[in-house]
Amino acid sequence: MKQRITYFVAGFLLPRLALSFSLGLRRPSLHTTCPKTSLEATASLDSQTSQLEAGLEGCRQEITKVCKVKVGTSENRLGLIATSNIRKGDVVLSMPHDERWELTAAIAHNTVFKGLLADSYDGWTGDAGLIALQLLNEVARVAGSGIQKPQRQSAIESFITAWVNALPSPSEMDHPLLWSEEDQEVLQSSSNTKIYRVLDDLEEDASWLVDNVFSKDRTTFPESVKWNGEEIPCFSVQGYTWAMAIVQSRSVFVDGSLRLVPLLDFMNHDDDANEITDGTMGAFGTVRGSQLVAHKAYKAGEEVFCSYGPKSAADYLLEHGFCPTQSWKTAVSEITLELDPEDKFHDDKLDILEFETYDQAPMDPCQSFDLVSAPGRDGEPDPAMIQFARLCQLGGTDAFLLESIFRKEVWGFMSLPVSERNEMAVVKQLTEQCEKALEDLNQCPEGGPEVCTKLRESETKALSRTLDFLRREKEALDLKEYYQERRLKDLGLDSEWSPEDDIMDEDLGFGQTRAPGGAD
C-alpha cells in the first residue's frame with residue numbers, strides 16, 4: 001500500500017511538496033539555457049522537419065497503414081500537413097500498436113526496465129510516469145547511453161532519433177510543471193485542481209527512481225546528456241519533470257492504454273476536430289492501432305488537426321499547457337470528499353465502497369468531483385457526488401441501512417434521498433466545501449500568468465452557481481420523498497386502512513391487501 005507523507009498546516013491537509021513551497025525551499029531550475037531567437041527557432045524547425053521526413057521516408061510503409069500527412073511547420077510550430085486532398089470521414093493517419101515505435105507503460109515496465117523495476121512497482125504518477133521513464137531512456141539512447149531496448153531496425157531507429165531530436169527542450173516548453181515556483185504558487189491558488197498534488201507525486205516517484213535505479217548505474221542512466229547542442233537534465237528529478245510535461249501534453253488514451261505515439265503526437269488541437277481513437281487496420285482489418293478520422297475536408301498543404309478531448313480549462317492547462325476556447329465555455333471547479341476516519345461506521349462504509357458498488361471498480365474513501373456551470377446544468381451537482389456524500393453522512397437513525405441485510409442494496413439507496421436529516425447534512429457539507437474553496441481562491445497572490453486569472457474567475461463562477469443550487473435545495477428539503485416514505489409505498493402501507501382493503505384484488509401479490517402507492 002502506498003503511503004504519502006502529509007502535514008496539517010493551519011488546519012488543512014497539505015502534501016509534502018506544497019509545504020516545501022510554503023517554507024521557501026528552492027527547486028533547481030530546469031531552464032539551463034537561454035531561449036532561442038526567432039531566427040534560430042525557424043532554422044531549428046526547418047532542420048527538424050527535414051530530419052523527420054527523411055527518417056519517416058525509410059519506414060513509412062512499416063509504421064503506418066494509412067498516411068496522408070507529412071511533418072511540416074505551421075505558425076512557428078511543428079504539425080501534420082495534408083499531402084493530398086482529404087475528404088470528411090477519411091482516415092488521415094493510422095499506426096499499428098507496436099513496441100518498436102510506441103511508448104507505453106507496459107513496454108517501459110515489461111521490456112525496457114524489466115528486472116530493474118519490481119513486478120509490483122506502482123508509482124504515484126501511474127502510467128504517465130512509466131512512459132516518462134521510457135522517454136528519458138530514448139533521449140539517453142540518442143546521446144549514446146541508456147538501455148538499448150526495444151530492439152529496432154535501423155530505419156525505424158533513424159525515425160525515432162529524429163523524433164527525439166524534434167521534442168521541445170525544457171527551456172522551450174511553457175508547461176505548468178516547468179513554471180517558476182512563484183507562478184506555480186499563483187496557479188495553486190487559482191484552481192481547486194491543485195498543481196502541488198501533481199508535483200508531489202512526481203517528486204516522490206523521481207526521488208525513488210534516483211535512489212533505487214538511476215544512482216546505481218550512472219553510465220547507463222546519466223544525470224544529464226548533450227542533446228541538440230545543449231546540456232539537459234536526464235535521469236534526475238529535473239529530467240523526469242521535463243519528460244512528464246512532454247508525456248502529459250502529447251500522449252493519448254487509446255485502446256485501453258495511455259500511449260505516446262511518435263508522428264501522431266505532432267498533431268495540434270482544434271476544438272471541432274475528432275479525437276485520436278483506436279481502430280482496426282491492415283488488408284484484413286485484423287491489426288489494432290491508433291488512428292485519426294478527418295472531421296472535415298482538407299486540401300493538400302493544409303494543417304490537419306485532432307481534438308485533445310473534452311476537458312476542463314484546469315485539466316487542459318495542467319496536461320497540455322494551454323486552454324483552448326471551448327474549455328472556457330463551461331466553468332468547472334473541483335472539490336474533494338472523504339469518509340471521516342473517526343466515523344464509528346467507517347469500516348462498514350469502507351466495505352460498501354470496496355465491494356458493493358455494483359459493477360464499478362472499488363471506490364477510494366477519498367473522491368474528487370467536478371462542479372460544473374454550463375447551459376442545462378447551471379450549478380446542479382454530479383449525482384455521483386451526492387450519492388457519495390449521502391454515504392459519508394449516513395448515521396444516527398439512518399444507520400440501520402448499514403446492517404448486513406442491506407449490504408448489497410445500500411449503495412443503490414444512496415442514489416435517492418435517505419432522510420431529511422441526512423440530506424441536510426449533505427447540503428451543509430457541500431456548502432462548507434464550496435465556501436472554503438471560494439475563500440481560498442480569493443486569497444490568491446497577485447501577479448502570475450494571465451491564464452491563472454481567467455481560471456480563477458471560471459472556477460469562482462462554478463462554485464458560486466453550485467452554492468446557489470445548494471441554497472435552493474436547503475429550502476426544498478421538506479418537499480422531497482425519503483427512504484421511509486418510498487418503502488411504505490412499496491409495501492402498500494402509505495394510506496389509512498379501511499374495511500374495503502380486505503377485499504382481495506387479483507392484481508395484488510401474496511400478503512398484500514393494498515396496491516403500492518395507494519395513497520396517491
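The figures that follow rest on heavy atoms only: side chains count, while hydrogens, waters and symmetry mates do not. Since this is a predicted model, take the numbers as computed values, not measurements.
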* Asked: Any luck finding a side-chain donor-acceptor pair between S333 and E459 under 3.5 Å?
  -> yes
* Asked: Under the salt bridge (charged side-chain N to carboxylate O under 4.0 Å, His left out) test, which residues partner D370, sequence neighbours left out?
  -> none
* Asked: With a 6.0 Å cut-off on ring centres, are Y316 and W328 close enough?
  -> no
* **Spatial distance of atom CD (Q367) from atom CG (L337) [nearest 0.5 Å]** => 8.5 Å
* To do: Give, for atom CG of D200 and atom CG of D205, the distance between the pair rounded to the nearest 0.5 Å.
  => 10.0 Å
* Have H346 and D348 got a donor and an acceptor in their side chains that come within less than 3.5 Å? -> no
* To do: Start with the C-alpha distance between S307 and H269, add both sets of side-chain angles, then the distance that settles side-chain contact (heavy atoms from CB on, under 4.5 Å), and finish with yes or no.
  => CA-CA 5 Å; S307 169; H269 171 84; 3.8 Å; yes
* Asked: Can you tell me how far CG of L401 sits from CG of L394, rounded to the nearest 0.5 angstrom?
  -> 5.5 Å
* Kindly say whether P176 contributes a backbone atom to a donor-acceptor pair with the side chain of Q184 at under 3.5 angstrom? => yes
* Asked: When you look at M385 and I335, which way does the side-chain contact (heavy atoms from CB on, under 4.5 Å) test go after all the steps?
  -> CA-CA 10 Å; M385 180 178 73; I335 62 171; 3.7 Å; yes
* Asked: Do any N or O atoms from the side chain of Q484 and from the backbone of S419 form a donor-acceptor pair under 3.5 angstrom?
  -> no
* Indicate yes or no: does E334 engage R197 in a salt bridge with an N to O separation below 4.0 Å. => yes
* Please determine if E423 and R390 form a salt bridge, counting it only when a charged side-chain N lies under 4.0 Å from a carboxylate O. => yes
* Establish, for the pair R250 and F266, whether the NZ or CZ atom is under 6.0 angstrom from the six-membered ring centre and no further than 45 degrees off its axis. => yes
* Could you label the plane-to-plane angle of the Y483 and F406 rings as parallel, tilted or perpendicular, counting under 30° as parallel and over 60° as perpendicular? => perpendicular
* To do: Mark yes when over 12 heavy atoms from residues, nucleotides or ligands other than K114 sit less than 6.0 Å from its NZ; otherwise mark no.
  => no
* Check for a donor-acceptor pair, side chain of S327 on one end and backbone N or O of P324 on the other, with a separation under 3.5 Å. => yes
* **Expected output: side-chain D364 to main-chain C366 donor-acceptor under 3.5 Å** => no
* **Non-hydrogen side-chain atoms of N212 and L117 separated by less than 4.5 Å** => no
* I would like to know whether F369 and I386 meet side-chain contact (heavy atoms from CB on, under 4.5 Å); could you show each step before the answer? => CA-CA 10 Å; F369 299 93; I386 302 297; over 6 Å; no
* Give a yes or no answer on whether the side chain of D351 reaches the backbone of D347 with a donor-acceptor pair at less than 3.5 Å. => no
Please tabulate, for side-chain N and O atoms in residues 424-433, each donor-acceptor pair with protein atoms closer than 3.5 Å (sequence neighbours left out).
| unit_1 | atom_1 | unit_2 | atom_2 | d |
| --- | --- | --- | --- | --- |
| Q429 | OE1 | Q393 | NE2 | 3.2 |
| T431 | OG1 | V427 | O | 2.7 |
| Q433 | NE2 | T336 | O | 2.9 |

* Between CG on residue D382 and CZ on residue F388, distance to nearest 0.5 Å -> 12.0 Å
* Asked: Distance only, no hydrogens: is a donor on one side chain within 3.5 Å (strictly under) of an acceptor on the other, for S312 and D315?
  -> yes
* Please work out whether the ring planes of H320 and Y308 are parallel, tilted or perpendicular, with thresholds of 30° and 60°. => parallel
* Polar side-chain atom of W179 near backbone of E185 as donor-acceptor pair, under 3.5 Å -> no
* Sub-3.5 Å donor-acceptor pair from the side chain of H175 to the main-chain atoms of L317, do we have one? -> no
* Determine, step by step, whether S290 and D255 satisfy the side-chain contact (heavy atoms from CB on, under 4.5 Å) criterion, reporting the C-alpha distance in whole Å, the side-chain angles of both residues, the deciding distance to 0.1 Å, and the verdict. => CA-CA 8 Å; S290 306; D255 207 9; over 6 Å; no
* **Side-chain heavy atoms of W208 within contact of E204, under 4.5 Å** => no
* salt bridge (charged side-chain N to carboxylate O under 4.0 Å, His left out) with E481: which residues, sequence neighbours excluded? -> K489
* For the pair K436 and D440, evaluate salt bridge (Lys or Arg N to Asp or Glu O under 4.0 Å) and give the outcome as yes or no after the intermediate values. => CA-CA 6 Å; K436 178 61 179 64; D440 290 344; 2.3 Å; yes
